[in-house]
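Below is one structure, written out as structure tokens, with a few remarks after it.
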Protein chains: 2
Amino acid sequence: MTDLGPPASALDTDPEYRAAVVDLFGVLAYGELTAFERLAADAAMAPTIDDKAALAGMATAEYRHFVVIRDRLVEMGVDPQQAMTPFRRAYEDFHEHTAPSDWLEGMVKAYVGDGIGMDFYREIANFVDEDSRALVVSVCDDLGQSAFIVERVRAAINEDPRVGGRLALWGRRLVGEALSQAQRVAADRDALSTLLVGGVDRPGTDLAEIGRMLARLTENHARRMSALGLAA
Amino acid sequence: MTDLGPPASALDTDPEYRAAVVDLFGVLAYGELTAFERLAADAAMAPTIDDKAALAGMATAEYRHFVVIRDRLVEMGVDPQQAMTPFRRAYEDFHEHTAPSDWLEGMVKAYVGDGIGMDFYREIANFVDEDSRALVVSVCDDLGQSAFIVERVRAAINEDPRVGGRLALWGRRLVGEALSQAQRVAADRDALSTLLVGGVDRPGTDLAEIGRMLARLTENHARRMSALGLAA
């Protein structure tokens, strides 16, 4: 992992850096809260009570992650609602444009959509101080969703291979929509963008490194699609 | 609290009693799981991020209750999914017939519907052994929903008194639907019904006591409606 973050003291001395970290925690916190909602909605669509219970448990874990970030914001003297509000619209548009039409689409969304989101936040974590990075990495943990979802989706494709074509298209649509919302957030939130491109006293990164980061994100996405038995 | 329950050893010696307790845990567990789902869906409708976070927290607490009962079923050597399945239909019909059309109806449903459910389960707990009773009582705890919901609903009525009339009708509809599903469960599940009316070696209760129980349920319901500022 590249370490490009400033020391933690920058949170007190560099207002632009502080604003960037507050943005990062805000977008992550709201992401966890909507992940909770979405997994709970998936639980409501679950075919069996065991699946329902499993997804409810995952939703609960996302909520605990939300609490961890919210508490950190409070520690920093920031109103969590205020930190999350700028990102509400992007998440809501994303979810509105990618409402799963059935349980399997919900599962692919939870795996592929959250996967690329978590990868992205982990990449960004390279550009923040150690404490902030540890927090981001801890809430980006896989909570056991992956194994559960991979098993369920592969079983469905085995049973009816045509499902695979439909879900592959769905996976591509998810990524396209996620990218378009990410671009919107980057354009709206200057502080957050300076984490990558740098600011006063912070080096940021160069185009070559951004290219490598995008390559890593793309590779990981392709690996997830293939784990599900889907063409990326 | 009247103590009409047998000793815990009856779980091993009286198969009908054991079946009744498994039914009770099954209906409670599925109830907690659907309470989780419903509060999570309310969170998705919440007007502010703070409300969203508060409801997500309550949903998570319901899920923890679910886990407590599920674990007890497993301890008893019972498959939780099998114990819950007989009650799935009644809950689903209840929720289908009482889908809230907005956030306020969702709040009244969480308070009034769960309230009467929890009261009922606490009454039934009088007829089981001490350990089982302690479990039921612990998961019937108010998780802080009440204060939050009362405040939100009263504020909405203050702002627009016409809301009160609509929500009062809604509260009555909820109780009617809950009663009709409870009757269906009672008719379907003989073992569960014998908790009240008695079985071999178990006295059960008499009509006068059942009358008093219904009076208590009705009074508590009226008290909740009035706490919300609604005519029962």
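Numbered from 1 within each chain, the chains take letters A, B, ... in sequence-line order.
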Interface residue of largest heavy-atom contact number with chain B, from A:A56, A:A44, A:P80, under 4.5 Å: A:A56

query: Looking at CD of A:Q82 and CG of B:D50, how far apart are the two atoms once the value is rounded to the nearest 0.5 Å?
result: 10.5 Å

- prompt: Quick one: which residues of residues 99-116 of chain B reach chain A at under 4.5 angstrom, heavy atoms only?
  reply: none

query: For the atom pair CD1 (B:I49) and OG1 (A:T85), what is the distance rounded to the nearest 0.5 Å?
result: 3.5 Å

- request: For A:R70 and B:A53, work out which heavy atoms get closest and say how close.
  value: NH1-CB, 4.2 Å

- request: Please check if atom CZ in B:R89 has more than 12 non-hydrogen atoms from other residues, nucleotides or ligands closer than 6.0 Å.
  value: no

query: Between A:A41 and chain B, which part of the residue has a heavy atom less than 4.5 Å away: side chain, backbone, both or neither?
result: neither

- prompt: Where on B:Q81 is there a heavy atom nearer than 4.5 Å to chain A: the side chain, the backbone, both, or neither?
  reply: both

query: Checking heavy atoms, do the side chain of B:T34, its backbone, both or neither come under 4.5 Å from chain A?
result: neither

- prompt: Say you draw a straight line from OH of B:Y63 to CE of A:M58; how long is it, rounded to the nearest 0.5 Å?
  reply: 9.0 Å

- prompt: Would B:R88 and A:K52 count as a side-chain contact (heavy atoms from CB on, under 4.5 Å) if you check the C-alpha gap in whole Å, the side-chain angles of each, and the deciding distance to 0.1 Å?
  reply: CA-CA 12 Å; B:R88 189 170 188 176; A:K52 197 186 267 304; 3.7 Å; yes

